[in-house]
Student: 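After the structure tokens below, expect a handful of questions from me.
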Amino acid sequence: MIKLEKQDHIAVMTISRPEALNALNSAELEGLKEAAEKVREDEEIRVLIITGEGKSFVAGADIAEMKDLDAEKGREFGLKGQAALSAVEALPIPVIAAVNGFALGGGCELALCADIRLASEKAKFGQPETGLGITPGFGGTQRLPRVIGLPKALELIYTARIIRADEAERIGLVDRVLPPEELMPEAIKLASQIAANAPVAVRNAKAAARRFTGAALYADLEAEAELFGACFDTADQKMAMEAFVTKTEKTPFTGK
Ligand code: CO8
């Protein structure tokens, strides 16, 4: 479920599926897109904060839902996730991610769609997909290099390494790390500071600055979905996702 609350000019969107560490399945992705559309239509909202319920921000796309997909269905699922995340990124108002816990795979990719990322000391980041036999599929191959630079992004993607909040801050993936109890108050303080400024000027500043993201991004995302989908025709993807779902050890990857 995606919760949306509004106070004064600030909206808080909470990804709430704590029993699965807020992993994004199709229903959550649809909810996310709808919630982003609601925010877009509500002219009273000047800043959006996104966070997760419980100990996780978002632990990725739903592996159980993905495990039996083939290349075409994988590509479609990738495009669906990209559409939901792009709806967040394309909001005309500033978006702050308040990363309270795991931001892995699709969760890290969602955080990358925000303009500013604050993180709890308990947050963990990573793109674990290559360990699951797939590529990042919700924009990670495109947005991560645009935020932290190509070499560091590729290191994280190639190794599937999970990093702590302090390292995420050091490499520029997050703007600030805070004690867990200070995360939301600080996000609201920051949002209030932004909301007190001239709304048209703030929105126009975002529109101008976001041109830097580049129109090419959307063509690049389509290429990502294609390459992501192709991984679903491999035995390695089936083996690794089956192992996650059945909580068993992976066998070595074969390249098949
Ligand atoms: N998908 C589905 N279920 C999940 C996910 C997930 N990504 N993450 C956690 N869960 C579930 C677990 O299966 C478990 O369920 P249950 O209680 O029914 O067994 C519950 O959440 C709690 O998880 P754990 O018991 O594993 O909790 P721990 O605290 O022991 O571990 C971790 C936390 C380290 C976060 C661990 O859950 C984990 O490794 N999760 C997977 C992280 C991951 O690999 N994420 C990337 C997924 S791939 C992805 O996001 C690709 C994005 C592009 C997709 C494009 C669309 C096709």
Side-chain angles (χ1 to χ4, degrees), residues 1 15-30 32-33 52-89 99-113 119-120 122-144 153 156-165 168 220-234 236-250 253:
M1 192 211 311
I15 318 293
S16 178
R17 195 190 166 210
E19 68 282 7
L21 302 181
N22 307 328
L24 298 172
N25 57 15
S26 288
E28 301 297 325
L29 287 171
E30 271 154 34
L32 182 64
K33 191 155 178 264
E53 182 103 38
K55 71 169 182 174
S56 180
F57 177 69
V58 167
D62 191 310
I63 298 170
E65 188 175 333
M66 281 187 291
K67 81 178 176 53
D68 297 324
L69 300 179
D70 60 17
E72 186 44 36
K73 292 269 181 291
R75 180 177 160 276
E76 281 169 20
F77 190 48
L79 289 172
K80 186 176 200 168
Q82 288 181 357
L85 270 60
S86 293
V88 171
E89 184 186 56
V99 182
N100 52 305
F102 296 113
L104 304 177
C108 188
E109 291 168 306
L110 175 60
L112 285 165
C113 290
S120 150
K122 290 192 172 162
K124 292 210 167 70
F125 296 81
Q127 298 288 161
E129 288 90 346
T130 57
L132 286 164
I134 57 173
T135 71
F138 287 173
T141 66
Q142 301 310 312
R143 295 193 178 99
L144 191 60
L156 289 180
I157 292 170
Y158 291 158
T159 60
R161 194 161 68 82
I162 309 284
I163 61 171
R164 293 195 329 218
D220 294 341
L221 286 173
E222 273 188 48
E224 179 190 79
E226 199 69 43
L227 292 161
F228 169 82
C231 297
F232 285 85
D233 272 351
T234 66
D236 280 343
Q237 173 270 324
K238 301 280 173 266
M239 176 280 294
M241 290 200 182
E242 189 66 30
F244 177 82
V245 169
T246 55
K247 300 185 193 295
T248 50
E249 284 289 314
K250 283 188 290 190
F253 287 119

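For ligands, and for the atoms within them, numbers begin at 1 and follow the listed sequence. The first residue in the sequence is number 1, and the count goes up from there.
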Student: Using only atom types and a distance under 3.5 Å, with no angle test, would you say the side chain of E65 pairs donor to acceptor with the backbone of S26?
Tutor: yes
Student: Between ligand 1 and the protein, find all N/O pairs closer than 3.5 Å and give the distance for each.
Tutor:
from: ligand 1; atom 1: 1 (N); to: A61; atom 2: O; distance (Å): 3.4
from: ligand 1; atom 1: 1 (N); to: I63; atom 2: N; distance (Å): 2.9
from: ligand 1; atom 1: 7 (N); to: A59; atom 2: O; distance (Å): 2.9
from: ligand 1; atom 1: 7 (N); to: A61; atom 2: O; distance (Å): 3.0
from: ligand 1; atom 1: 19 (O); to: K247; atom 2: NZ; distance (Å): 2.8
from: ligand 1; atom 1: 29 (O); to: K55; atom 2: NZ; distance (Å): 2.9
from: ligand 1; atom 1: 45 (N); to: A59; atom 2: O; distance (Å): 3.0
from: ligand 1; atom 1: 50 (O); to: A61; atom 2: N; distance (Å): 2.7
from: ligand 1; atom 1: 50 (O); to: G106; atom 2: N; distance (Å): 2.8

Student: So, taking the atom named CG in L32 and the one named CE in M1, what distance separates them when rounded to the nearest 0.5 Å?
Tutor: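 L32 CG to M1 CE: 14.0 Å, rounded to 0.5 Å.
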Student: Looking at E109 and R143, is any side-chain nitrogen of the basic one under 4.0 Å from a carboxylate oxygen of the acidic one?
Tutor: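 Looking at R143 and E109, the cut-off is not met.
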Student: Salt bridge between K250 and E242, side-chain N to carboxylate O under 4.0 Å?
Tutor: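 E242 and K250: not salt-bridged.
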Student: Compile the donor-acceptor pairs under 3.5 Å between side chains in residues 129-138 and protein atoms, sequence neighbours left out, one pair per line.
Tutor:
from: E129; atom 1: OE1; to: Q127; atom 2: NE2; distance (Å): 3.2
from: E129; atom 1: OE2; to: Q127; atom 2: NE2; distance (Å): 3.2
from: T130; atom 1: OG1; to: I157; atom 2: O; distance (Å): 2.9

Student: Taking the basic N atoms (NZ, or NE/NH1/NH2) and the acidic carboxylate oxygens, is any pair closer than 4.0 Å for E30 and K33?
Tutor: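 Looking at E30 and K33, the cut-off is not met.
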